[in-house]
There are 2 protein chains.
Amino acid sequence: MDYSTMCPRYEAAADLLGKKWTGRIIFVLLGGPRRFKDMKEQIPEMSDKMLTDRMKELETLGIVNRHVYPEMPVRIEYELTDKGRDLKPVIQSIQKWGEQWM
Amino acid sequence: MDYSTMCPRYEAAADLLGKKWTGRIIFVLLGGPRRFKDMKEQIPEMSDKMLTDRMKELETLGIVNRHVYPEMPVRIEYELTDKGRDLKPVIQSIQKWGEQWM
DNA sequence: CCGGATCCTAATGGATACTG
DNA sequence: CAGTATCCATTAGGATCCGG
């Protein structure tokens with residue numbers, strides 16, 4: 001690992017992962033596409049606003065895709081992109097360290 | 001990876017790593033023990049307060065040891081503990097993803 | 001040299017009510 | 001169902017000055 005290559009991309013990635021709910025949202029989506037209400041059910045402590053904010057951020061970053069199915073009522077599903085799925089080992093790594101040491 | 005074991009230790013670890021300067025401080029310390037002024041030199045954009053705050057937090061969490069050498073003037077060195085050194089693969093993992101995708 | 005103390009601003013997190 | 005809008009509390013980050 002080289003110091004000069006460590007930032008700023010490291011900072012951006014760590015910043016995202018450090019935000020509340022990011023890890024848990026991605027974890028849920030690793031199980032497959034999910035709807036807004038599914039995510040609320042699986043992470044009940046999270047408020048609507050937090051979920052909305054985070055999903056918008058993840059979509060903007062290209063970590064999540066948002067599919068709109070024009071049914072009635074409309075159905076919207078969120079799904080990880082390749083970029084998002086590639087976070088799995090990262091999250092596992094943090095998880096492993098946390099379990100062992102925190 | 002199991003959802004029930006993912007939190008709260010994951011959250012605590014991600015929260016720490018997401019704080020500004022944490023990764024860079026640990027990275028510098030992976031190179032060996034460092035003094036306060038050494039760290040300031042290697043991370044010149046960081047204010048004294050930020051370094052003080054972060055070092056105190058890392059020490060409290062047992063990630064860094066603080067050695068006081070009673071010379072005149074006093075010399076203080078910071079060094080990673082085993083817990084701290086174990087963050088190396090975690091930081092590398094975040095770094096790798098960041099390089100590839102961000 | 002190694003911080004501590006103060007004060008301030010910006011960003012983040014959250015509760016609640018409302019809407020197409 | 002899938003969000004917005006509003007308002008508020010908390011926290012992180014930072015500038016500056018002070019001291020043993």
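The chains referred to below are lettered A, B, ... by the order of the sequence lines, with proteins before strands, and numbering in each begins at 1. Keep in mind that the numbers below use all heavy atoms, side chains included, and drop hydrogens, waters and symmetry copies. No experiment lies behind these values; they were computed from the predicted model shown.
Ion pair A:E45/A:R24 flagged as a salt bridge, since at least one NZ, NE, NH1 or NH2 atom sits closer than 4.0 Å to an Asp/Glu carboxylate oxygen. Of the charged side-chain nitrogens involved, none lies within less than 4.0 Å of a carboxylate oxygen, so that A:R9 and A:E11 do not count as a salt-bridged pair. For A:R34 and A:E79, the salt-bridge test fails: no basic side-chain N is under 4.0 Å from an acidic carboxylate O. Using a cutoff of 4.0 Å between basic side-chain nitrogens and carboxylate oxygens, B:R54 and B:E57 are scored as salt-bridged.
Within the 4.5 Å cutoff, no side-chain heavy atoms of A:I76 are placed close to those of A:Y69.
Side chain of A:K40 to backbone of A:L51: no donor-acceptor contact under 3.5 angstrom is found. For the pair B:R85 (side chain) and B:L80 (backbone), a donor-acceptor distance under 3.5 Å is present.
Contact annotation for B:Y78: backbone-only contact, meaning every heavy-atom pair under 4.0 Å involves sugar-phosphate atoms and none involves a base.
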note = Per-nucleotide protein contact along nucleotides 4-20 of chain C, 5' to 3', at a 4.0 Å heavy-atom cut-off (B base, S sugar-phosphate only, - neither), is S-B-----SBBB-----

ask   = Given A:W97 and B:D86, is the side chain to side chain donor-acceptor pair (under 3.5 Å) satisfied, shown in steps?
value = CA-CA 7 Å; A:W97 184 87; B:D86 244 25; 5.2 Å; no

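When DNA chain D is scanned 5' to 3' for any atom under 4.0 Å from a heavy atom of chain A, the first and last hits are D:dC1 to D:dT6.
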